[in-house]
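Some notes on the structure that comes next.
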Amino acid sequence: MRLAFAPLHKSAFGTAAGIAAGLGLFFITVVESLRNADASPLTLLNQYFAGYSVSWGGAFVGLLWGMATGFVAGWFLAFSRNFI
């Protein structure tokens with residue numbers, strides 16, 4: 001039981017979540033740009049992530065923004081779990 005409720009390492013969990021979120025957004029953007037989906041709902045992300053667009057360049061910007069956002073979300077999730 002003690003191992004199941006051991007504290008999470010905040011920066012490791014944040015890094016893992018950041019990598020997963022960044023790569024996920026990168027691959028989704030690449031797929032949508034290959035489909036030439038101009039009316040994709042992903043275009044709404046440019047209102048939150050500066051420089052993002054559904055294009056190859058936007059995929060790399062999305063990778064960086066996804067990693068940053070995922071890191072913060074993962075770090076906060078680990079912090080909250082450890083606190084409770």
Side-chain angles (χ1 to χ4, degrees):
M1 261 334 228
R2 186 175 270 187
L3 184 61
F5 294 105
L8 295 174
H9 194 272
K10 293 183 289 288
S11 61
F13 195 79
T15 301
I19 290 171
L23 289 176
L25 184 57
F26 177 81
F27 287 121
I28 290 171
T29 304
V30 167
V31 167
E32 288 294 313
S33 67
L34 290 175
R35 288 180 38 198
N36 290 328
D38 293 331
S40 172
L42 286 178
T43 58
L44 295 174
L45 285 177
N46 67 4
Q47 296 180 10
Y48 299 104
F49 299 151
Y52 178 79
S53 63
V54 182
S55 65
W56 283 96
F60 289 102
V61 172
L63 173 71
L64 296 176
W65 274 112
M67 287 178 71
T69 305
F71 177 83
V72 171
W75 186 94
F76 185 73
L77 184 68
F79 172 78
S80 299
R81 182 191 177 274
N82 291 344
F83 184 74
I84 291 175

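The analysis underlying the following values was restricted to heavy atoms, covering all of them including side chains, and did not include hydrogens, waters or symmetry mates. Note that the structure is a prediction, hence the values are computed from the model and not measured.
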Would you say [X] and [Y] are hydrophobically clustered, going by side-chain heavy atoms of ILVMFWY under 4.5 Å?
| X | Y | answer |
| --- | --- | --- |
| Ile28 | Leu64 | no |
| Val31 | Leu44 | no |
| Phe5 | Leu8 | no |
| Val54 | Tyr48 | yes |

Please tabulate, one pair per line, all N/O donor-acceptor pairs under 3.5 Å involving side-chain atoms of residues 16-27, not counting sequence neighbours.
none

Non-neighbouring partners of Ser11 that pass side-chain hydrogen bond (donor to acceptor under 3.5 Å, both in side chains), sequence neighbours left out: His9
Please tabulate, for the side chains in residues 66-80, all donor-acceptor contacts under 3.5 angstrom to protein atoms that are two or more places apart in sequence or on a different chain.
| residue | atom | partner | partner atom | Å |
| --- | --- | --- | --- | --- |
| Thr69 | OG1 | Trp65 | O | 2.9 |
| Ser80 | OG | Phe76 | O | 2.9 |

Summary of side chain to side chain donor-acceptor pair (under 3.5 Å) pairs that have at least one residue in residues 50-64, sequence neighbours excluded: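 The answer is Thr29-Tyr52, Ser53-Ser55.
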